[in-house]
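Remarks on the structure that follows.
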Amino acid sequence: MAKNRQPNGASSIYLGKDGRWHGRVTVGVKDDGTADRRHISRKTRSEATKAVRELERQRDSTGVRKAGQTWTVTTWLTHWVENIAAPNVGENTIDGYRVAVYHHLIPGLGAHRLEKLEPEHLERFYQKMRANGSAAGTAHQAHRTVNTALNEAVRRRHLTTNPASIAKAPKLEEEEVEPYSLEEVQRLLAEATKVRNTARWVIALALGLRQGEVLGLKWEDVDFEVGVILVRRGRLRPRYKHGCGNRCGRKPGYCPQKINIRRETKDTKTRAGKRPIGVPEELLKLLKRHKEEQERERVLARDLWVEKGYVFTSPTGEPLNPNTDFHRWKDLLKSAKVRDGRLHDARHTAATVLLILGVPEAVVDRIMGWEPGKSARMRRRYQHLTGQVLQQTAAKVGGLLWGKPEVSESMTETSGRPPTQHSEPYDGPVHVAHLSGRLVAFSRHEHAQAVVAQWGADHPGKPVHVEEWDRPRWEHEGPGGSRAIRDCIPDRRLTHHAHAVFLPGGKRLNIGRTEQWSVLAWEFETDLYTDLPVRWHTTRRPGQEVEAQVRGTDQDAVAAAFGEACAQAVDRARNPERYGDIDSC
């Protein structure tokens, strides 16, 4: 035996008969059980030694890619999306994957060898997508898709590292959505009464159901006696194939003999998505009328009717196509002369109403179908705290959507008058009460004068007076435009407050204010909270302190709720990720 023989499995470097230096490195075992020994060839011994050491380093750290087929980005992505992803993900997910793969990734990156793909290639590709007009969300979807596909390539040892996990993802800024105002909602509802399936749009604006959830509803899910809708499935977008043998020359979806190859619905994705939702009485009546109208359509369609039990159907009983439903929404916006928006904005409107009305967070999560682990982040995204929305959502949901609520005797006894906010813009002169720098506008001079008298009695020595402005001046200089003009004197009752601030570790911060105090309600915007016995919330400040605020007309209820609010604030200060204040790792 030669004295310089290497042990079995060790790497070797030698000079070949061809004059080049060769290296052999054992990196593992092949499928048949023999050693997987890789070969490299270089001009000089130093180059060969360096290549062998690099191959050994890969073997000992990330692993060496599997021997066999040489993949390109095109061949791998095609194999991944059709043979790996398609059998294992939902229909909507695979639709998104296919768009990203076939419309963006393959045309932009497909010629690269898979193992030669670099993070810089991906980053330049994302920039090129944006330069060619693709939205940030589209570029981000392409990044998520290629990252998922290459992770699978790493697991199967076709790659040693995933370049997409190193590349900087396209910056995705969360779009701020403006919910529809009271006036816009009422115009939409008025216009919806003129079209088929009126109740479909009322459900979207009143209950916030997703498009698929509404279109997947069946009559068996509606309990008229209890007043509940059970959400348990969603409508899927159809996918077609040719029924003519591809002889028509059109896309499958436009083939006269097209065949739908996808199921109509699927169960909700999460347990939180399967939920019962209470239905306002007005909407139940509308659904009953809709059922009667559907019965008349069934009689007219005769043999053409296909009975599948859906609440919202085509004139022949088929479930509505989501694409058709989307275009009907756009038509509704135009005919109602309401600003353009997504159908999902109706869900934002409903969620915002629930949150601002002070509906308990657990109930909001249940109605909206949010998972417990993500609900805090979703509430933060959906709660659009704009002044206009706050003013318009002081009434209950029924009053918001179907007109002013009836005033109960208890409300009249407590406040002496119903909530007073103009439903239409006020065009007359504006009587402005100047209260030590604060401006409160009234449509009637005697109400402005009464407030000035009250303020002067409660704040002796403070400057107060009334001025008459024209409408353009108020619109330009006033704090709230026509919506802030009152047609009645504000409520004079006491509103009770409790307030505390906590540092990130949970320690109480002394801010120089008593934790509880009372003020006259008409010193503030009474529409926000004074019709409620108690309302509380916690908020994280920009400096990371957590603030607990309790307000209401019942002093005992405010005092009782203050302890609960402080407990949540302390927990939120110590565990910000639990409330969606920071992303958890």
Side-chain angles (χ1 to χ4, degrees), residues 90-92 188-189 191-238 260 262-329 331-332 343-344 346-347 350-351 354 363 366-369 397-398 401-402:
E91 289 89 340
N92 291 335
L188 285 169
L189 292 178
E191 196 63 31
T193 60
K194 305 174 185 178
V195 300
R196 284 187 76 249
N197 297 320
T198 300
R200 184 264 174 274
W201 310 114
V202 179
I203 286 177
L205 291 162
L207 303 182
L209 268 64
R210 302 173 178 91
Q211 182 191 42
E213 293 171 341
V214 178
L215 302 187
L217 283 177
K218 294 190 175 183
W219 286 116
E220 64 192 43
D221 304 322
V222 183
D223 191 328
F224 288 103
E225 292 185 5
V226 181
V228 165
I229 286 177
L230 178 60
V231 179
R232 50 185 172 185
R233 72 181 70 81
R235 175 79 165 100
L236 292 171
R237 293 184 178 275
N260 185 13
R262 177 171 288 174
R263 54 182 172 160
E264 292 176 346
T265 63
K266 69 171 184 176
D267 291 343
T268 56
K269 186 166 59 174
T270 63
R271 288 172 55 187
K274 185 174 291 187
R275 62 201 188 275
I277 298 178
V279 183
E281 184 63 30
E282 295 89 343
L283 181 51
L284 282 176
K285 293 177 182 177
L286 193 59
L287 282 169
K288 289 177 181 178
R289 290 200 299 271
H290 173 73
K291 194 171 186 180
E292 294 170 358
E293 292 169 1
Q294 191 180 88
E295 185 60 35
R296 287 192 288 271
E297 287 187 342
R298 183 185 287 105
V299 173
L300 289 173
R302 303 180 70 176
D303 294 342
L304 295 177
W305 185 269
V306 180
E307 184 53 61
K308 296 184 177 181
Y310 288 100
V311 175
F312 301 108
T313 68
S314 72
T316 58
E318 293 286 352
L320 291 179
N321 188 315
N323 188 51
T324 303
D325 181 70
F326 168 79
H327 289 294
R328 293 293 173 271
W329 166 254
D331 293 340
L332 186 67
L343 180 52
H344 201 71
R347 178 169 167 83
L354 294 172
V363 178
R366 185 79 172 175
I367 292 173
M368 300 304 295
V397 174
L401 299 182
W402 288 279

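- When every heavy atom of Arg235 is checked against every heavy atom of Pro319, the shortest pair comes out as NE-CB, 3.5 Å.
- Every pair passing salt bridge (Lys or Arg N to Asp or Glu O under 4.0 Å) that includes a residue from residues 196-209 is listed here, sequence neighbours excluded: Arg196-Glu297, Arg200-Asp325.
- Among residues two or more places apart in sequence or in another chain, the salt bridge (charged side-chain N to carboxylate O under 4.0 Å, His left out) test is passed with Lys218 by none.
- In this structure Lys285 satisfies the side chain to side chain contact (heavy atoms under 4.5 Å, CB included) test together with Glu281, Arg289, sequence neighbours excluded.
- With sequence neighbours excluded, the residues that form a salt bridge (charged side-chain N to carboxylate O under 4.0 Å, His left out) with Glu318 are Lys308.
- Partners of Asn197 under the side-chain hydrogen bond (donor to acceptor under 3.5 Å, both in side chains) rule, at least two apart in sequence or in another chain, do not exist in this structure.
- The side-chain hydrogen bond (donor to acceptor under 3.5 Å, both in side chains) search around Thr316 returns Ser314, not counting sequence neighbours.
- A salt bridge links Arg232 and Glu220; the closest N-O separation between the charged side-chain nitrogens and carboxylate oxygens is under 4.0 Å.
- Applying the side chain to side chain contact (heavy atoms under 4.5 Å, CB included) test to Leu236 and every residue at least two apart in sequence or in another chain returns Glu91, Asn92, Arg262, Arg263, Lys266.
- Taking Glu295 as the reference, Arg298, Val299 meet the side chain to side chain contact (heavy atoms under 4.5 Å, CB included) condition, with sequence neighbours excluded.
- The CG atom of Leu332 lies 14.5 Å from the NE2 atom of His327; values are rounded to the nearest 0.5 Å.
- Legend: residues meeting salt bridge (charged side-chain N to carboxylate O under 4.0 Å, His left out) with Arg328, ordered by chain and number and at least two apart, are Asp331.
- The minimum heavy-atom distance linking Pro238 with Pro322 is given by the pair CD-CD, 4.0 Å.
- Every residue meeting the side chain to side chain contact (heavy atoms under 4.5 Å, CB included) condition with Val195, not counting sequence neighbours, appears here in chain and number order: Trp201.
- Between atom OG1 of residue Thr193 and atom CG of residue Leu188 there is a gap of 11.0 Å, rounded to the nearest 0.5 Å.
- Screening residues 282-319 for ring pair (Phe, Tyr, Trp, His ring centres under 6.0 Å) gives Trp219-His290, His290-Phe312 as the qualifying pairs, with residues at least two apart or on separate chains.
- Of the possible donor and acceptor atoms, one in the side chain of Glu307 sits under 3.5 Å from a partner among the backbone N and O of Gly309.
- Taking the side chain as every heavy atom from C-beta outward, Val231 and Ile277 approach each other to under 4.5 Å.
- Inter-residue side-chain proximity for Val214 and Leu320 is flagged as unmet; no heavy-atom pair is nearer than 4.5 Å.
- To the nearest 0.5 Å, atom CD1 of residue Ile203 and atom CG of residue Leu286 are 8.5 Å apart.
- The shortest non-hydrogen separation linking Pro276 to Val228 is CB-CG1, 3.7 Å.
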